[in-house]
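Single-structure report; data block below.
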Amino acid sequence: MSMATTAPTRRPRVNLAVVAPIVALIVLVLIGMALNPNFLSFANITNVLARSAFIGIIAIGMTFVITAGGLDLSVGSMAAFVAGLMILVMNMLTESMGGGLPVILIGIALALFTGLAAGFINGILITRAGIEAFILTLGTMGIYRSLVTWLADGGTLSLGYEMRELYRPVYYEGILGISWPIIVFAVLAILGEITMRHTAFGRHCAAIGSNEKVARYSSVAVLRVRLMTYVLLGTLVGIAVVMYVPRLGSASATTGLLWELEAIAAVIIGGTLLKGGFGRVWGTVVGVLILSLIGNLLNLTDFVSPYLNGAIQGVVIILAVVLQRNTGAAR
Amino acid sequence: MSMATTAPTRRPRVNLAVVAPIVALIVLVLIGMALNPNFLSFANITNVLARSAFIGIIAIGMTFVITAGGLDLSVGSMAAFVAGLMILVMNMLTESMGGGLPVILIGIALALFTGLAAGFINGILITRAGIEAFILTLGTMGIYRSLVTWLADGGTLSLGYEMRELYRPVYYEGILGISWPIIVFAVLAILGEITMRHTAFGRHCAAIGSNEKVARYSSVAVLRVRLMTYVLLGTLVGIAVVMYVPRLGSASATTGLLWELEAIAAVIIGGTLLKGGFGRVWGTVVGVLILSLIGNLLNLTDFVSPYLNGAIQGVVIILAVVLQRNTGAAR
Amino acid sequence: ETIGISIPAATHGWAGALNFHAERTVARLSEANPDLEFVLTTTSDPGQQVSDLEDMVATRGIDALVVLPFESEPLTGPIQRIADSGVWVTVVDRGLAQEGIENLYVAGDNDSFGRTAGQYFADTLDEGAKVVVMRGIASTVDNERVAGFEAALEGSGIEVLAMDHGNWNRDTAFNLMQDWLSRFPEIDAVWAADDDMAVGALAAIDQAGRTEEMFVVGGAGMKEMVQRIQDGDPTVPVNVTYPPAMISTAIEMTALGLTSGAPMSGEFIIASELITPENAESFYFEDSPY
Amino acid sequence: MTDPILALNGVTKSFGPIEILHGVDFALHPGEVHALIGENGAGKSTTMKILAGYLDPTGGQVTWQGKPITFAGSDEAEDLGIIMIHQEFNLAEHLSVDQNVFLGRELRRGLLLDHKAMRAQTADLLGQLQCRVDPGTPVNRISVPDKQMVEIAKALSRKARVLIMDEPTAVLTERETEVLFAQIDRLRAEGVAILYTSHKLGEVKRIADRVTVLRDGTMVRSDLTADVTEDDMATAMVGRELSDLFPPKAAHGAEPILEAQGVSVPGVVHDASLVLHRGEVLGIGGLVGSGRTELAEAIAGLRPRSGTVRLKGQDLPANHVSQAMRAGLVYLTEDRKGAGLLLDKTLRENLTLGQLDQFGSPLIDRKREEAALDTAIGDFAIRAPERGMAVGDLSGGNQQKLLLAKTLLSDPQVVIIDEPTRGIDIGTKQQIYTLIARLAAEGRSIIVISSEMPELIGLASRVVVMHAGRIVGELADAAVTEGNIVRLAMGMDHSQGGHEKDSAA
Ligand SMILES: Nc1ncnc2c1ncn2[C@@H]1O[C@H](COP(=O)(O)OP(=O)(O)OP(=O)(O)O)[C@@H](O)[C@H]1O
Ligand SMILES: Nc1ncnc2c1ncn2[C@@H]1O[C@H](COP(=O)(O)OP(=O)(O)OP(=O)(O)O)[C@@H](O)[C@H]1O
Ligand SMILES: [Mg+2]
Ligand SMILES: [Mg+2]
């Protein structure tokens with residue numbers, strides 16, 4: 001299970017592993033400061049944090065799924081589907097009920113419920129029907145993506161103007177200048193970290209990811225815990241959508257494209273083991289911020305061809321992980 | 001490692017696991033026959049087989065990588081990059097050398113070498129620098145994709161007209177009406193299957209994927225074998241490109257998009273374990289054919305909105321795997 | 001003074017050409033006006049485009065924005081806010097969901113794109129002729145083009161055998177065309193909502209040896225296609241323009257407005273034209289990558 | 001005598017078409033230690049798993065306090081207080097010791113885990129077991145015997161009414177065994193019913209009140225321990241008389257074949273030097289955690305090390321297993337499950353894994369592999385119900401035999417065997433001892449690391465003893481006695497014993 005590919009000489013491990021993603025983050029911040037004086041401006045910081053929130057919230061859930069030895073490729077499409085459905089229903093309700101706060105509340109409830117249900121479907125098929133998570137969620141990824149395209153008739157589903165104005169503050173306003181997505185992200189990150197480290201659920205996730213049989217023999221309800229990780233992830237996708245829809249007020253076939261890869265990358269950059277058995281939510285948060293910052297930094301300067309943005313992103317991601325290569329046990 | 005989620009009662013496993021992907025394939029063929037009389041026409045069959053060849057050849061290599069407990073997300077971009085470089089160099093050579101067979105041979109050699117080198121780079125960074133394969137290849141995926149966009153200046157790299165005519169037969173012609181891609185795919189599949197089952201290399205891959213420490217204690221050169229799987233995969237990407245370029249004579253930023261997901265899906269549908277330890281090349285071939293056939297069938301009929309093609313694809317992929325859920329040990 | 005430019009990433013041929021023209025124009029203008037600064041970003045989804053716009057405003061302090069919205073609806077709000085903050089806004093190609101936000105609008109006409117091709121079909125094909133339609137990636141652009149095409153066919157008695165997404169991708173189009181060729185014994189013409197797909201379709205038709213039987217009309221004036229029209233290739237009789245160079249026009253006009261202090265506001269809609277063997281010469285650009 | 005708390009009535013068990021247990025009846029009584037003994041593969045572990053709810057019987061009945069009961073799973077049995085210590089480790093490697101001990105029954109304060117209490121209680125339990133592992137260490141960093149102690153601690157932490165122990169002492173030294181026995185005595189006094197298996201018959205005689213013998217899935221006898229001798233037990237198990245366990249020691253040559261000079265492994269082994277001669281059986285003694293395994297692995301090229309290792313005068317590079325193996329030196333690991341065998345692969349694939357080039361190149365000759373497996377099955381008396389089964393489904397002892405066969409397949413000149421007879425029954429043990437003596441007689445040299453004192457004494461003509469990572473002494477011939485080894489191993493005495501080597505750093 002754990003086959004610590006012992007490198008020739010033993011290095012002091014623990015500290016580096018803990019510190020590495022943070023160091024990567026700090027390096028990025030320093031680069032940003034050097035590149036552009038506006039980098040540390042309040043506006044830029046809040047922009048970056050707020051836009052990290054969607055992937056961030058999803059990645060928190062992904063941390064649990066991966067820690068328990070699972071995977072979910074469908075989250076991006078799921079987000080698009082949930083957003084599409086939410087908008088469609090809100091528009092319909094606006095027509096029949098005439099808009100207003102209740103419509104928004106119903107929309108939010110619907111998003112949360114749909115996310116939860118989608119997560120439940122993934123989870124139940126993986127745990128009960130016993131389908132390899134990679135394949136199942138690849139399948140549902142295609143299904144949700146198709147469904148949203150179909151709902152939008154190939155185009156874009158847009159929230160009615162009136163509703164959009166009413167709903168907008170959920171993304172753009174907040175408390176003390178800190179917008180809601182940032183607050184929600186922060187709260188969920190803290191709750192996630194506590195759940196992972198200080199509750200039986202978190203511990204059981206790690207145990208299942210480490211050795212499913214051992215967990216079962218220790219009377220951990222393996223299937224239920226695993227199912228729960230997917231339900232949790234689905235619900236978090238719902239929450240992310242609730243934050244996302246007021247930002248753009250629309251959903252289309254391209255909404256949430258590649259979010260799954262970004263979320264998984266953030267989780268792994270944060271030090272969680274891809275094969276399960278160990279996960280840390282705060283690492284995931286750092287991972288998400290690293291990924292967001294790379295994009296932000298590339299926009300701060302233009303010393304390279306935009307064609308090469310992807311290449312720079314790739315290099316930075318790799319470097320961020322090289323810093324902490326000693327953690328990765330199994331690969 | 002393998003914790004055969006023992007259900008209360010044991011089902012007869014072996015046969016179903018072996019037969020399942022084949023059954024799925026046969027069911028698809030029967031559906032095809034029912035839907036369209038042209039389905040079994042020689043032209044359609046050879047079309048489907050020839051277009052399967054690219055992903056198929058890559059998926060053969062992916063089988064080894066996954067069996068040895070690795071993963072490679074970069075193959076699609078790598079293919080695009082290799083194709084772009086090949087075309088660029090061939091065009092340059094045509095100018096300086098005046099075209100002809102030597103240019104094609106140099107182009108082929110270059111493609112093979114570049115593929116091999118790219119695989120080597122992935123492999124060496126994963127095995128020596130110890131970077132999690134998922135992250136590393138996600139990084140190189142971005143890098144190669146950027147590089148090809150940059151090489152093509154955002155557009156499309158096209159092989160000069162004369163060269164294209166000369167090179168065309170490699171995709172469109174063959175022996176006895178069977179085109180080269182099909183022949184090459186078939187030969188590589190047979191070689192791959194033999195390598196996996198009847199050589200020390202194949203055994204070692206499975207051993208490493210099953211338990212790396214046991215493999216090391218059994219004096220298997222773990223790092224070298226693992227590196228070799230990536231080199232093999234890279235070389236096969238090169239071969240796939242050699243078959244691909246003569247088809248349309250061009251490469252762009254969209255070449256090979258999502259090939260990695262398709263290749264991995266084919267491998268898993270074929271019964272190889274995503275966590276490593278067990279792989280079968282013939283299963284992968286069946287998996288590739290299943291995926292190609294789904295696309296083919298959807299094009300041969302139009303009983304649903306084209307928006308929903310993706311959904312149907314998703315459902316069929318899941319169903320194909322449900323048939324053989326008993327194989328999947330760890331998930 | 002800083003001009004921000006935000007366009008889609010080069011994920012298909014036309015967008016690639018757009019990138020090419022944008023970069024070339026930026027290079028040319030920066031040389032000519034040393035005090036002009038440009039920020040060029042490319043995006044692959046609307047969410048990221050909004051992020052890029054936010055960054056331009058927060059960290060680069062742009063004075064003018066040239067933007068090709070990835071999707072109209074989601075970008076309307078963010079662009080409106082930028083416009084409200086006093087930044088000059090030039091919108092390219094894809095109109096916003098609300099009128100009157102942008103100062104300058106430079107665009108092609110997707111409806112006309114489809115309609116022009118459809119008109120050609122209606123004019124040249126007999127009643128009862130059979131055609132297949134290759135659509136792009138599901139999006140508003142694609143919907144508009146197809147709607148225009150269908151509207152032009154109305155009443156012509158031409159039968160659309162099948163319509164599916166080739167995703168503006170050569171390989172997908174190749175496979176799709178192969179399968180249609182196996183499925184339909186008779187096809188009189190193919191309309192591809194973009195030249196990249198036409199390239200794939202042509203290769204498949206060529207392979208099946210059915211070049212005599214049908215013609216293919218793509219769109220956007222790819223070099224290769226224009227050349228074939230020029231050569232009088234009966235398989236590729238015409239093409240429809242949708243010039244990616246419109247981004248250059250937009251950038252140039254914006255820059256001119258900033259530097260000369262004589263703002264060029266208004267609308268420039270570039271309707272699609274039919275490229276025929278007669279006028280093909282004027283649509284052929286040797287050094288364009290597209 | 002008290003009423004039985006848990007009993008088996010004519011229980012049978014089949015895996016697929018093969019019946020493993022053919023009607024087993026016996027009862028466990030509160031306050032009684034019941035030993036279950038039998039050859040490898042006789043069905044002891046299977047019986048225990050049925051009692052603890054891990055497996056369903058195919059036929060017959062399990063009764064709890066006289067009433068028939070069927071467990072839906074091990075949780076249900078555990079709720080009744082039936083706790084089992086598995087023969088194979090049952091620990092999640094990524095989790096720390098205390099997390100493992102409380103896995104599935106975490107202590108909470110409100111919604112949150114009570115880390116402090118769990119850590120303290122774990123430290124307490126380990127203290128009772130005199131195990132010095134830090135509760136916060138991840139399990140994949142602790143040694144095999146320590147894992148066993150953690151496993152025991154985990155069982156003790158649950159309120160047991162019936163405690164089932166499947167070969168708990170297989171990897172323990174006598175000192176730890178004593179500690180465990182003290183705990184067993186305490187539990188017996190508290191009225192816990194205990195079922196115990198071991199291949200160490202001396203232990204059985206000492207600790208058990210009653211002993212039941214299984215042979216080929218059938219009960220052959222069940223007696224009060226007081227009424228039987230060790231020989232009786234062995235005879236009942238094996239079905240024949242056992243002569244002397246250890247073969248006579250042959251004289252060995254004077255030619256040094258393996259020389260290790262100043263071998264150090266950072267943090268675990270310090271400046272260890274030893275010499276092995278042609279045809280010699282050298283023992284390495286020491287307590288758990290003294291660094292014997294690490295030293296052996298360092299010599300075999302499995303660990304980074306400093307110092308030199310020369311085989312037949314030729315230097316072996318550090319951390320290069322295959323070179324050592326090609327030069328004729330092999331190591332048999334004590335960690336059968338983690339480093340020895342691929343549990344999800346077949347016997348054949350495991351047997352030949354390290355030596356595939358012997359079986360044809362480029363293609364592997366399946367027939368020769370099968371022939372090699374036949375030989376191995378014969379030579380090592382491996383009992384597998386089916387040839388094509390996964391190694392993980394073999395009984396523990398048979399896995400060990402397969403591991404031996406696998407390690408010796410390369411026909412090595414020098415063999416380092418770490419715990420050679422771990423979990424092996426007394427009959428097969430004798431065969432293995434004979435084999436070791438034969439190997440030595442053929443001119444091969446063997447290092448035996450063993451925690452079983454009689455084994456060291458019976459096999460080795462010379463024993464080096466380690467303490468805290470250093471070689472603290474060397475005993476030869478008549479000086480190889482239990483007392484001398486123990487004294488050195490405890491670090492109590494540096495000058496006792498035969499010609500001691502200076503090994504100060
Ligand atoms: N899951 C299984 N599938 C098939 N056969 C099995 C399975 N589990 C055990 N067996 C077989 O049942 C027999 C009894 O095994 P068991 O583990 O009970 O033996 P044991 O008496 O504990 O032996 P040891 O002393 O070696 O531990 C063995 O032949 C073993 O191979
Ligand atoms: N991977 C590791 N990381 C950290 N410490 C380790 C590791 N492996 C072993 N140790 C520690 O090194 C010490 C020596 O272990 P070793 O297994 O060599 O002991 P040993 O003398 O062979 O005893 P045993 O009878 O337990 O095998 C032990 O304290 C053990 O916990
Ligand atoms: Mg046993
Ligand atoms: Mg040891």
Side-chain angles (χ1 to χ4, degrees), chain A residues 1-5 7 69-71 73 125-126 129-136 138-147 149-150 153-154 211-214 216 222 253 261 264-265 268-269 273-275 305 307-318 320-322 325-326 328 330-331, chain B residues 1 3 5-7 69-71 73 125-126 129-136 138-147 149-150 153-154 211-214 216 222-223 253 261 264-265 268-269 273-275 305 307-318 320-322 325-326 328 330-331:
Chain A
M1 196 99 285
S2 75
M3 44 208 72
T5 328
L71 196 72
L73 296 175
L125 287 171
I126 289 166
I131 309 172
E132 169 73 60
F134 184 96
I135 284 291
L136 180 91
L138 187 69
T140 50
M141 162 172 141
I143 294 173
Y144 291 128
R145 184 66 63 201
S146 274
L147 285 179
T149 316
W150 178 72
D153 216 355
N211 190 330
E212 183 173 327
K213 191 170 160 192
V214 167
R216 194 151 33 87
V222 173
L261 277 188
I264 297 171
I268 296 169
I269 292 174
L273 294 183
L274 181 59
K275 299 215 168 174
S305 153
Y307 299 143
L308 291 177
N309 277 359
I312 296 178
Q313 240 158 24
V315 170
V316 176
I317 291 176
I318 294 174
V321 174
V322 168
R325 61 186 163 153
N326 291 322
R331 74 185 60 89
Chain B
M1 199 94 286
M3 43 207 74
T5 330
T6 350
L71 195 71
L73 296 175
L125 287 171
I126 290 166
I131 309 172
E132 169 74 60
F134 184 95
I135 285 291
L136 181 90
L138 186 69
T140 49
M141 162 172 141
I143 294 174
Y144 291 128
R145 183 65 65 201
S146 275
L147 285 180
T149 316
W150 177 72
D153 221 351
N211 188 331
E212 183 174 327
K213 195 169 169 191
V214 171
R216 198 163 59 88
V222 173
L223 297 186
L261 276 188
I264 296 171
I268 296 169
I269 291 174
L273 293 183
L274 183 59
K275 299 218 165 175
S305 153
Y307 297 142
L308 291 178
N309 277 359
I312 296 177
Q313 238 157 25
V315 170
V316 176
I317 291 175
I318 294 174
V321 174
V322 167
R325 60 183 163 155
N326 292 322
R331 77 182 54 90

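Chain letters run A, B, ... following the sequence lines, proteins first and then strands; every chain starts at 1.
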What pairs with A:Ala253 under side chain to side chain contact (heavy atoms under 4.5 Å, CB included), at least two apart in sequence or on another chain?
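Counting only residues at least two positions away or on another chain, A:Ala253 forms a side chain to side chain contact (heavy atoms under 4.5 Å, CB included) with A:Thr149.
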Quick one: pull up CG in B:Leu71 and CD1 in B:Ile264 and give me the separation to the nearest 0.5 Å.
4.5 Å
Do you know which of B:Ala311, B:Gly142, B:Ala265, B:Gly314 has the most heavy-atom pairs under 4.5 Å to chain A?
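The option with the most such pairs is B:Ala311.
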In terms of heavy-atom pairs under 4.5 Å with chain A, which of B:Leu147, B:Ile135, B:Val214, B:Val315 leads?
B:Ile135
A:Leu138, part contacting chain B, at a heavy-atom distance under 4.5 Å:
side chain
Are A:Leu136 and B:Ile317 close enough that some pair of their side-chain heavy atoms sits under 4.5 Å apart?
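In short, these two side chains do not touch, never coming nearer than 4.5 Å.
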So, using ring pair (Phe, Tyr, Trp, His ring centres under 6.0 Å) as the criterion, who are the partners of A:Phe134 when residues are at least two apart?
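Listed in chain order: nothing, the list is empty.
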